[in-house]
Enquirer: 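Before anything else, here's the structure in question.
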Amino acid sequence: MAENGRKILLAVDEGDESMYALTWCLKNVISENSKDTLILCYAKPPRAVHTAMEGTAWAFSPDVMTSLERYSNDVAQCVIDKAKRACKHLNDVKVETVVEHGDPRDVICEVAEKLKVDLLVMGSHGYGLIKRYEI
């Protein structure tokens with residue numbers, strides 16, 4: 001462990017599982033007076049072209065694309081704000097945020113590697129025991 005504490009990456013999204021992971025992390029991993037840095041990471045879904053029927057892609061107008069991007073930014077900010085509120089009682093723990101575009105599986109791995117984190121905490125995907133085993 002580094003002198004200045006650990007870097008702990010916590011993946012957050014709109015799901016209850018990620019907020020449970022945050023609560024678990026705050027109770028079991030981080031102590032109030034540690035010098036740890038908690039990094040809240042949110043992956044905004046990639047900009048996708050939705051298909052209504054097999055092989056038919058719908059092109060959206062610039063106004064619709066701007067509205068979708070604004071909505072995506074609002075969702076990201078809402079998730080990050082909620083997670084930061086859960087951390088407000090931490091005194092010496094530094095809380096940072098990272099918001100990136102892309103598939104969460106890729107974003108989480110890339111951020112963990114780039115920041116050289118000591119620990120990654122994330123919730124389950126909510127599949128249940130059997131589905132998790134099949135993956």
Enquirer: Under a 4.5 Å side-chain heavy-atom rule over Ile, Leu, Val, Met, Phe, Trp and Tyr, are Ile8 and Trp24 clustered together?
Expert: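 Yes, Ile8 and Trp24 fall within the same hydrophobic cluster.
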Enquirer: Tell me whether Ile80 shares a hydrophobic cluster with Ile30, the cluster being built from Ile, Leu, Val, Met, Phe, Trp, Tyr side chains joined at under 4.5 Å.
Expert: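 Linked, Ile80 and Ile30 end up in one cluster.
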Enquirer: State whether the side chain of Thr37 and the backbone N or O of Lys94 hold a donor-acceptor pair below 3.5 Å, judged by distance alone.
Expert: no
Enquirer: Under the 3.5 angstrom rule, does the side chain of Ser72 hit a backbone N or O of Leu68 as a donor-acceptor pair?
Expert: no
Enquirer: Would you mind checking if Asp36 and Arg6 are paired as a salt bridge, meaning a charged N to carboxylate O distance below 4.0 Å?
Expert: yes
Enquirer: Say you draw a straight line from CD1 of Ile108 to SG of Cys41; how long is it, rounded to the nearest 0.5 Å?
Expert: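 One gets 6.0 Å once the value is rounded to the nearest 0.5 Å.
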Enquirer: Calculate, to the nearest 0.5 Å, the distance between atoms CG and SG belonging to Leu40 and Cys87 respectively.
Expert: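 Atom-to-atom, Leu40:CG and Cys87:SG are 5.0 Å apart.
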Enquirer: Identify the two heavy atoms, one from Ala43 and one from Pro104, that lie closest to each other, and give their separation to 0.1 Å.
Expert: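 Nearest pair, atom of Ala43 first, then Pro104: CB-CA, 3.7 Å.
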Enquirer: Would you indicate whether the side-chain heavy atoms of Tyr42 and Glu14 approach each other to under 4.5 Å?
Expert: yes
Enquirer: Going hydrophobic residue to hydrophobic residue with side-chain gaps under 4.5 angstrom, can you get from Val98 over to Val107?
Expert: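 The answer is yes; both residues are in one hydrophobic cluster.
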Enquirer: When clusters are formed by joining ILVMFWY residues with side-chain heavy atoms under 4.5 Å apart, either directly or through shared neighbours, do Val99 and Val75 land in the same one?
Expert: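 Result: yes, single cluster for both.
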Enquirer: So if I apply the side-chain contact (heavy atoms from CB on, under 4.5 Å) rule between Leu26 and each of Val93, Leu10, Leu38, which one comes out positive?
Expert: Leu38
Enquirer: What are the two closest heavy atoms between Gly123 and Ala21, and how far apart are they?
Expert: N-CB, 3.4 Å
Enquirer: So do the side chains of Val29 and Leu119 get within less than 4.5 Å of each other, counting heavy atoms only?
Expert: yes
Enquirer: Can you find a pair of side-chain heavy atoms, one from Val111 and one from Leu9, that are under 4.5 Å apart?
Expert: yes
Enquirer: Answer yes when Glu69 and Lys44 have at least one side-chain N-carboxylate O distance shorter than 4.0 Å, and no when they do not.
Expert: yes
Enquirer: Mark yes when over 12 heavy atoms from residues, nucleotides or ligands other than Asp16 sit less than 6.0 Å from its CG; otherwise mark no.
Expert: no
Enquirer: Please determine whether residues Val95 and Met19 belong to a single hydrophobic cluster, defined as Ile, Leu, Val, Met, Phe, Trp and Tyr linked transitively by side-chain heavy-atom distances below 4.5 Å.
Expert: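 Same cluster.
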Enquirer: For the residue pair Asn73 / Gln77, report whether a side-chain donor-acceptor contact shorter than 3.5 Å exists.
Expert: no
